Protein chains: 2
Amino acid sequence: MDLEAVRTFVAAAEAGRFQDAAAELSVTQQAVSKRVATLEKRLGVRLFTRTARGVRLTVDGQAFLPHARDLLRAEERAVASVRPGRRALRVDVIGRRLAPATLLGDFRRAHPEVELDVVTLFDVDAAVDALRSGTIDASFRAVTMPGRQLPDDIRAVRVYDEPVQLLIGPAHPLAAAHTVTPAELAGHRIWMPGLVPGTEWAAYYDALAAAFGLTIEITGPDFGTEPLLDTIAGSSSLATFVGERTRLVWPADQSLRRIAVGRPTPVYPHSLIWHRENPHPALAALGDHLGSGRLDHSDAGTWTPAWA
Amino acid sequence: MDLEAVRTFVAAAEAGRFQDAAAELSVTQQAVSKRVATLEKRLGVRLFTRTARGVRLTVDGQAFLPHARDLLRAEERAVASVRPGRRALRVDVIGRRLAPATLLGDFRRAHPEVELDVVTLFDVDAAVDALRSGTIDASFRAVTMPGRQLPDDIRAVRVYDEPVQLLIGPAHPLAAAHTVTPAELAGHRIWMPGLVPGTEWAAYYDALAAAFGLTIEITGPDFGTEPLLDTIAGSSSLATFVGERTRLVWPADQSLRRIAVGRPTPVYPHSLIWHRENPHPALAALGDHLGSGRLDHSDAGTWTPAWA
DNA sequence: GGGAAGGCACAACCGCCCGTTGTGCGCCTA
DNA sequence: TAGGCGCACAACGGGCGGTTGTGCCTTCCC
């Protein structure tokens, strides 16, 4: 379907006459007539009844009109999402099912007027580059990697310490446990395919493994979450880590179990970083929203890497 | 913007290679390349980075992708709204700001999975014709007009008795009243432009005027609700009737006042009518929804026309 | 390190769609 | 009944979009 035809249809419906719609669109009346006729042919229904004083919407036309407006609005938003300058707020998250995406979902509900786009970059370096070039406006990252220092023009605020949980199947020996300590996981096989070496995500789990003597396997190609969850659910020895707010979409019959990890609870330090001079008006709203819900991370019962 | 290009963009983003997208769309790789290049040119940004093993989304492309999917979904809904057979549930209402539209809004919220289109036909006769021809699936009307009998194949259920209220400006002598009786309105000027003779809407107010000795003026052309409300707000003698749930969109400074009418309260009997053999699956859900919230209209303190 | 293969871009060609001009027809109005 | 208004149809022309053919770059493998 051609959006130019849809735009013509809306203009004609509002004007009530093809001639006026044609004037508004800077084309001839015949062009409007042709566009509408083509649209009607494609849809298989008549959208207007032609009268001596102009046109009037048919019932089908009345039903189609709001959808046509929706289409044009969606087009406007799509164009606006990539328009240089004054585009929608663009935030980088580490994964679309992880806690940052959930936090952004909360923000979207709290501020429905803010246009928000979510993207995913490779790592902190890419995010910093994108922040500096103005390609993105903010990024959720664990920015305090060992040996790295944020540049002066990048601001960072630690907004959410997310508890790490163990995900296992019903046949796993820990399936009946309510809580396990990190030390109790030593000797168990913890499998995390998809953990890309060099990312801060991988650095976090490296530190976790080192601190408590765990063995984390990242062998094998990453086939996506579904095969991973399938394997975990059917295994009596494999486990994996997930964040407390990680959304899992798995078939209900798999009966995967989340086991809390405590004494201490490893928490993943999500931070929001942005460029000091970014003028985007919605950025302040995002900062306020995240700051208001910020958790107190001075709790002695939690664990973070020494470099965090 | 061309939706075919948008569809191509989504296919290429999912496939990761122009060649695969081309195969899926049954065009050549060069056509996909051209479509994407044209789209990028129109948007002014690069959507893909070209690599030796295919293409990868840029940050702009990542931001654009969900909007592109939205566009295609909106197109699908638009086409579905007029597709003969299996189209969305289509309901005729007497006006988009009156109570039936509000009831449909409630239904939409309660059943977000139901595709619903709202149209407005001229009168009961047009609605019955449309129900029989399958053009619409249901209609909100006050069907019990004097001298009219619904055909056997049309079912009707009285779903909502809407109290009538008086709408006046702050300078009107009744502005301070909490409730007025219909009889007290005799002698006041009640102005209702836009009341089309021959419709059941007009018949109702004719009966109301006759029952209580009121004078209802329908003189003058109907310029829409805004001028009407402006005039009412600034007049010390003009009043008009509105339904209890009628949504008015007027500038806040006009300070219009709604005055309840009681002893008895005139109520407008909204009914839902549909064709006996309409097979639309969502029609039953609409009937259930309206039936569950149906008001008891055996209240002796209300008034309806004798023919209702 | 060099050849082969895979994948995208560019050029040329062409058909078709779209918009314009010119005209006809039906309906309402005076 | 004549005139005007408004949409549809016909003919024409240009440009957009698709295909074929080809070139270039990257990656992989021997």
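Chain letters run A, B, ... following the sequence lines, proteins first and then strands; every chain starts at 1. The structure displayed is predicted, hence computed values, not measured ones.
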Report, one pair per line, the protein and nucleotides 22-25 of chain C atoms (nitrogen or oxygen only) whose separation is under 3.5 Å.
from   : atom 1 : to      : atom 2 : distance (Å)
C/dG22 : O6     : A/Gln30 : NE2    : 2.6

Polar-atom pairs under 3.5 Å, protein N or O versus N or O of nucleotides 27-30 of chain D: list them with distances, or write none.
from   : atom 1 : to      : atom 2 : distance (Å)
D/dT27 : O3'    : B/Arg53 : NH1    : 3.2
D/dC28 : OP1    : B/Arg53 : NH1    : 2.6

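Summarising the geometry, the separation between CZ on A/Arg7 and P on C/dC18 is reported as 15 Å, rounded to the nearest angstrom. Between the P atom of C/dT20 and the CZ atom of A/Arg35 lies a distance of 8 Å, rounded to the nearest Å. Taking atom CG of A/Leu39 as the reference point, atom C1' of C/dC17 lies 16 Å away to the nearest angstrom. A straight line from CG of B/Leu25 to P of D/dG17 spans 15 Å, rounded to a whole angstrom. D/dC7 atom P lies 13 Å from atom CZ of A/Arg56, rounded to whole Å. Taking atom CZ of B/Phe48 as the reference point, atom P of C/dG7 lies 15 Å away to the nearest angstrom. Protein atom CD of B/Glu4 is 13 Å distant from nucleotide atom P of C/dC18, rounded to whole Å. The separation between B/Lys41 atom NZ and C/dA9 atom C1' is 14 Å, rounded to whole Å.
For residues 58-72 of chain A, the side chain to side chain donor-acceptor pair (under 3.5 Å) pairs, not counting sequence neighbours, are A/Glu14-A/Arg69, A/Asp60-B/Arg90, A/His67-B/Asp117, A/Asp70-A/Arg73.
A heavy-atom distance below 4.5 Å is found between the side chains of B/Tyr268 and B/Ile94. Contact annotation: the side chain of B/Ile136 never approaches that of B/Trp274 to less than 4.5 Å [non-hydrogen atoms, C-beta and beyond].
Here A/Ser33 does not reach the OP1 or OP2 of D/dC7: none of its side-chain N or O atoms lies under 4.0 Å away. Checking the phosphate oxygens (OP1, OP2) of D/dT26, no side-chain nitrogen or oxygen of B/Arg50 falls inside 4.0 Å.
Between A/Glu115 and A/Arg83 there is no salt bridge, since no side-chain N of the basic residue sits under 4.0 Å from a carboxylate O of the acidic one. The pair B/Asp2-B/Arg42 does not count as a salt bridge, with every side-chain nitrogen at least 4.0 angstrom from each carboxylate oxygen.
Comparing atom distances between the B/Phe18 side chain and each of C/dT20, D/dT19, C/dA9 picks out C/dA9 as nearest.
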For a side-chain contact (heavy atoms from CB on, under 4.5 Å) check, start with the C-alpha distance between B/Asp92 and B/Phe140, then their side-chain angles and the critical distance, and finish with the verdict.
CA-CA 6 Å; B/Asp92 159 58; B/Phe140 275 97; over 6 Å; no
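When atom types are taken as modelled, the side chain of B/Gln29 and the backbone of B/Phe18 share no donor-acceptor pair closer than 3.5 angstrom.
Taking both residues in full, the closest heavy atoms of B/Pro100 and B/Val93 are given as CB-CG1, 4.0 Å, listed atom of the first, atom of the second, then distance.
The 5' end of DNA chain C is approached more closely, in terms of each residue's nearest nucleotide, by B/Gln19 than by the other of A/Thr51 and B/Gln19. DNA chain D is contacted by both A/Gly54 and A/Lys34; A/Gly54 maps to the nucleotide lying nearer its 5′ end (nearest heavy atom per residue).
Separating the CG atom in A/Leu208 from the CZ atom in A/Phe241 is a distance of 5.0 Å, to the nearest 0.5 Å.
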